[in-house]
There are 2 protein chains.
Amino acid sequence: MYRTHTCGELSIADINKEVTLAGWVQTVRKFGSITFVDLRDRYGITQLLFSETLNVEMDANPLGREFVLQVKGGVNERSNKNKNIPTGDIEIIVSELRVLNKSAVPPFTIQDDTDGGDDIRMKYRFLDLRRNAVKKNIELRYAVNRAARNYLHKNNFIDIETPFLIKSTPEGARDFVVPSRMNPGEFYALPQSPQTFKQLLMVSGYDRYYQIVKCFRDEDLRADRQPEFTQIDCEMAFVEQEDILQMFESMIKDIFKEVVGIEYNEPVERMTWEEAMWNYGNDKPDIRFDIKLTNLKSPFREIPEKQQLAAATGFNVFDNAETVIAINVPGCSDYSRKQTDELIEWVKRPQIGMGGLAFIKYNHDETIKSSFDKFFNEVELGFLTDHCKAKRGDLILILAGKEERTRKAISDLRLYMGERLGLRKPEEFKLLWVTDFPLFEYDEEGNRWVARHHPFTSPKPEHIEVMINNAAEIKNADKYLEHPYANIKANAYDMVLNGNEIGGGSIRIFQKDLQQKMFTALGMSQEEAQYKFGFLIGAFEYGAPPHGGIAFGFDRLCAILGGSESIRDFIAFPKNNSGRDIMIDAPSTIDDKQLDELNIKLNL
Amino acid sequence: MYRTHTCGELSIADINKEVTLAGWVQTVRKFGSITFVDLRDRYGITQLLFSETLNVEMDANPLGREFVLQVKGGVNERSNKNKNIPTGDIEIIVSELRVLNKSAVPPFTIQDDTDGGDDIRMKYRFLDLRRNAVKKNIELRYAVNRAARNYLHKNNFIDIETPFLIKSTPEGARDFVVPSRMNPGEFYALPQSPQTFKQLLMVSGYDRYYQIVKCFRDEDLRADRQPEFTQIDCEMAFVEQEDILQMFESMIKDIFKEVVGIEYNEPVERMTWEEAMWNYGNDKPDIRFDIKLTNLKSPFREIPEKQQLAAATGFNVFDNAETVIAINVPGCSDYSRKQTDELIEWVKRPQIGMGGLAFIKYNHDETIKSSFDKFFNEVELGFLTDHCKAKRGDLILILAGKEERTRKAISDLRLYMGERLGLRKPEEFKLLWVTDFPLFEYDEEGNRWVARHHPFTSPKPEHIEVMINNAAEIKNADKYLEHPYANIKANAYDMVLNGNEIGGGSIRIFQKDLQQKMFTALGMSQEEAQYKFGFLIGAFEYGAPPHGGIAFGFDRLCAILGGSESIRDFIAFPKNNSGRDIMIDAPSTIDDKQLDELNIKLNL
């Protein structure tokens, strides 16, 4: 062992001990004939004091930042204590110095506030990982891992490894594939998730399974997506939805407690997908603040007649819109023209893509002013403010347009206002279950139904008949919403944390016939279903138990717990947005010999 | 929840409780108007008793093996107790029965002694996994996983995930590769191990790393190799070899205790690679029995002149052989002609490939008889038995031939005799460290040196000069053993358990110059080294600490602890010898669209 102690553990209790430390040079400070060096390792920083004799040596061979040292010396009480670090009461009077390795000058400083840009830090990730700011993320990730495992172990779950070289059955996202040398012309696929294997394990009787496991998706990378990512993957047999919700909200609460010391004792809120969409405009609402959407005009939902913004108002923006939706922002009625203009510009940005923004100020003096006073009198505006449950001092923001885009835009605006008003507190954690997702989603391109979650998710029991008794075919694409499948809800649920989906799952189909019906509904021929999922259909013939599960996005969960928006900060060796690891420079070309052995050639 | 209790937990203490159970039908036994059903789940078996009313229903819809049931009923004390199972004192008087799912008749019986052959059980692996014999292996695997993690956690190791999509740098085994859609013409490789990444983590200051992680090797599969396998992968910084040996023999002892209840308190034996090769003929000796090899003639080792079997004996088999090696098998001097003939046939099998076997019987009456009495008189035979340290009653077995093959053969014969004599006790666990492996291995095909462990392993400090001061070139292939590199030993070590290598590692090179010298020694040009391992050489420029590590073959470790020879039994979803998963039928062909997107085509 190169050391007797780490750089994070010596204190006043160790005074006069002879110790050996090893670590990296953080800083060198010379004062005349003595030199102070801060020595750093994973556990902390300890101050070294080199007096005259060693100083002469050091003048000949100066120490630089990031040099690796081994030093022997005595622990001494500091005259000038540093209360900011645990070892701040002591220093080591160095008697022996050994430079274990030198270091070139690092391309950026190894400090919390580094001078390195993103690219250079990705290229020298091994140096970036030395920074405390990154290290605490990696440590937090391990703490989450550990807490999850301990909880699941305590609850009788068993970690069972599922294979990485599996079969390509693209449904939704693209598979990464692996050519098989031993089976020319054939390929393995890397798993997008262990879904079918964990279901097989339920069929096998391992009624509580988990794995913290890498998954792979060959997608065009949006910001903050990684081609390989980690899931906490779980499945249970002989359970209903309620059992799963309880089991896993307890797990997340346990992780909160173990990792960030938060006692989350209140029950986790729940809402259906319908409620989430109506009240928040998206399926993963941030409920840390309670601004909700109000429909003023809607193609779907009935609105009390008196309050319906009818064509009669003469305000084309509303009259011609499919949907008009408002949010009521508390305490902003005194926004200046500049401020409302800013908001208008914000919704016009291409990412939001709205034509404009209407607003109503319900002033403290009870007057009501709107951006469309020409078309609405005070009584009519009063109807609106009433309907939006606005109070004096509130600002009502209104978007109008096509239903889907407008709902998305008002949801974004809601989050933006929450942010602007400091209502999305980073230190506050608010969990939410969203349940009863639609079973199907309409795929415009193919004019067909696709599985919203995946093809193994079960419909609500009361909707099974609808599915069995109706064909999947959509005769009139324009009216797909009138197809009976559009209203089938699934036993599917997402866990949402502060506006991020951190987990999702479902109760699965476990009956062979229903699973086959599902494949048919998704437009798979029986042959195709048999080719892709024959093993699962086969397994369902031999006594499959009722089962369900959930998978948590481990990277995302860690990022949120660590107070960051970026999962990349919580991955030791992440890839960039083109899926490259720029540190090792992968992917890369391979030898012709390798290609030949794999029976493939390039086709550029 | 479909149940109030599992099938493994009810006992006499639960009498008269109303309970709900769910599980699989193990057996159905009808006795007149009552029926007994054994209901099975992961936790055990509980007897159900169906009386008359339900029997009528069941006659109409009979239960079959592997049906999934939910039953309600009262816990009743059995009149006829079964002491072999934990629930054997009670039974459930069923009041309500719900068949959750039916089952076709399984293709083999779900019992410890199944009637299913290997192939059918692989195809229906989800049913095989129901068998208790397989389930206990999967559970043992989890117990090993858990014990290893707990030990490493306790010792300040941190689990850090390394990437799966990395760069292809084939050295030794073939990489599995993954075409990159986003980077046309380029490929990722799946890691053969996280070797370079864990070293980078040491450079980053995470001084104790571990991971239980899948690795991939595209090798022609020998029996009991899998293309994907699991490692317990560990690395430490600021350590010497001794620290690693101590840390990890404690880990294995901890696993012994936690998983199989064995207190392994004696120190782990150690021997150098040289000793292992001389005394046991291979580098992973089974030291549960102490038969050792005796060299009677050797091209390398000096043997006392008197005892050297010189050409003068006139026995061509010895005279013409490069090597003559003996083992002394205790207590077998009375082997019959039939028995010695059997041994002769055994060494002639193609797997062993020897021309014959000579033997000496040191009889209980002190007479000495050999199979080559024509050439050796009793005095000469006496020299041999003395040299082999034989005692009365021993049988000396002797092989002669080319050094390498003979050594391998006598080592195999030693194991065979150990097996035959019951000296390799399955319930006995004997650990061994083999140290000081050669740094290089001679590659005949390329007439060059290859790394015996891997290119990152450091030479013994006292051999570094030899490496630096000599070129790698081998001028005379026949005399490669005379090249200075042949005698360079490495800071490398293997852990051996009962004759199986369960782990191996080394102290790594951490100096940039030495690492570059190593690449040169292996015949890599500087450009090639830079292309493949530039990131590591780069990292060594910025303060790399001394470090080393080890990786354990997790599948193998589990198999040995579970008393099996086959790792496949300890993998939930293994592949067969052609790398196929015959359950899901992978690998398989993929769509032309997928190939096109990946910019590759088949080349069959």
Side-chain angles (χ1 to χ4, degrees), chain A residues 1-3 22 24 42 66 68 101 103-104 106 126 129-130 142 145 158-160 163-168 176 178 180-188 200 203-205 207 214 218 228 238 243 535 539 541-545 572-573 578-579 583-584 586-588 590 599-604, chain B residues 1-3 22 24 42 66 68 101 103-104 106 126 129-130 142 145 158-160 163-168 176 178 180-188 200 203-205 207 214 218 228 238 243 535 539 541-545 572-573 578-579 583-584 586-588 590 599-604:
Chain A
M1 202 68 88
Y2 282 76
R3 59 189 174 194
W24 286 263
R42 174 179 152 199
E66 303 305 318
V68 188
N101 218 339
S103 173
F126 50 86
L129 283 165
R130 281 187 194 164
Y142 178 52
N145 180 322
I158 166 169
D159 178 346
I160 302 179
F164 278 70
L165 298 172
I166 65 167
K167 182 168 178 158
S168 184
F176 281 106
V178 181
S180 166
R181 180 179 56 85
M182 295 221 279
N183 302 275
E186 299 191 328
F187 294 75
Y188 301 100
L200 289 179
V203 175
S204 301
D207 56 8
K214 276 281 173 76
D218 185 10
E228 51 176 306
F238 300 118
D243 305 310
F535 60 97
E541 272 194 85
Y542 294 101
F573 300 102
S578 341
M583 178 186 71
I584 61 171
S588 65
I590 59 174
N599 300 289
I600 56 172
K601 49 187 172 183
L602 300 183
N603 180 23
L604 296 171
Chain B
M1 204 66 91
Y2 282 76
R3 60 188 174 194
W24 286 263
R42 175 179 151 200
E66 304 304 319
V68 187
N101 218 339
S103 173
F126 50 86
L129 283 165
R130 283 189 192 163
Y142 177 53
N145 180 322
I158 168 171
D159 179 346
I160 302 178
F164 278 71
L165 297 173
I166 65 166
K167 184 169 178 158
S168 184
F176 280 106
V178 181
S180 166
R181 182 179 55 86
M182 297 222 278
N183 303 277
E186 299 191 330
F187 294 75
Y188 301 100
L200 290 178
V203 175
S204 300
D207 57 7
K214 275 282 173 77
D218 185 11
E228 51 176 307
F238 299 118
D243 305 309
F535 60 96
E541 271 194 85
Y542 294 100
F573 299 102
S578 341
M583 179 187 69
I584 62 171
S588 65
I590 59 174
N599 301 288
I600 56 172
K601 51 185 171 185
L602 300 183
N603 180 23
L604 296 172

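Letters A, B, ... mirror the listed sequences (proteins, then strands); counts begin at 1.
- The CH2 atom of B:W24 sits 8.5 Å away from atom OG of A:S204, with the distance rounded to the nearest 0.5 Å.
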Take B:V178 and A:F187, measure what side-chain contact (heavy atoms from CB on, under 4.5 Å) needs, and give me the verdict at the end.
-> CA-CA 10 Å; B:V178 181; A:F187 294 75; over 6 Å; no
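- Taking chain A as the reference chain and counting heavy-atom pairs below 4.5 Å, the highest number among B:I160, B:L604, B:I166, B:I158 is found for B:I158.
- The main-chain N or O of A:I584 is found under 3.5 Å from a side-chain atom of B:K167 such that the two form a donor-acceptor pair.
- A donor-acceptor pair is defined here as one N or O able to donate and one able to accept, closer than 3.5 Å; such a pair exists between the side chain of B:N101 and the backbone of A:A544.
- Only the side chain of A:D243 comes within less than 4.5 Å of a heavy atom of chain B; its backbone N, CA, C and O stay farther away.
- Applying the salt bridge (Lys or Arg N to Asp or Glu O under 4.0 Å) rule to A:D207 yields the partners B:R3, B:R42; only residues at least two apart in sequence or on another chain are considered.
- Of the possible donor and acceptor atoms, none in the side chain of B:D159 sits under 3.5 Å from a partner among the backbone N and O of A:Y142.
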Could you go through the side-chain contact (heavy atoms from CB on, under 4.5 Å) check for A:L165 and B:F176 one step at a time?
-> CA-CA 10 Å; A:L165 298 172; B:F176 280 106; 4.1 Å; yes
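- Ranked by non-hydrogen atom pairs under 4.5 Å with chain B, the options A:P163, A:A572, A:P106 are led by A:P163.
- Interface remark: of the candidates A:S180, A:P184, A:A22, A:A22 forms the most heavy-atom pairs closer than 4.5 Å to chain B.
- The candidate from A:S168, A:P545, A:G543, A:G579 with the greatest count of non-hydrogen atom pairs under 4.5 Å with chain B is A:G543.
- The structure places CG of B:N603 at 6.5 Å from CG of A:N599, a figure rounded to the nearest 0.5 Å.
- Contact annotation for A:D218: both backbone and side-chain heavy atoms come within less than 4.5 Å of a heavy atom of chain B.
- The most heavy-atom pairs under 4.5 Å with chain A, out of B:E541, B:R181, B:R130, come from B:R181.
- If you measure heavy-atom distances from B:M1 to chain A, the contacts under 4.5 Å come from both the backbone and the side chain.
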Which is it for B:K214 and A:F164 under the side-chain contact (heavy atoms from CB on, under 4.5 Å) test, yes or no, and what are the steps along the way?
-> CA-CA 8 Å; B:K214 275 282 173 77; A:F164 278 70; 3.5 Å; yes
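- Interface residue B:S588: backbone and side-chain heavy atoms are both found under 4.5 Å from chain A.
- Listed by chain and number, the residues in a side chain to side chain contact (heavy atoms under 4.5 Å, CB included) with B:A539 are A:F126, B:L200, B:V203 (sequence neighbours excluded).
- Using a 4.5 Å cut-off between heavy atoms, A:M583 contacts chain B through both its backbone and its side chain.
- Interface check for chain B: of the options A:F238, A:Y188, A:F535, the most heavy-atom pairs under 4.5 Å are formed by A:F238.
- Residues A:L602 and B:G185 approach most closely at CD2-CA, 4.0 Å, considering heavy atoms.
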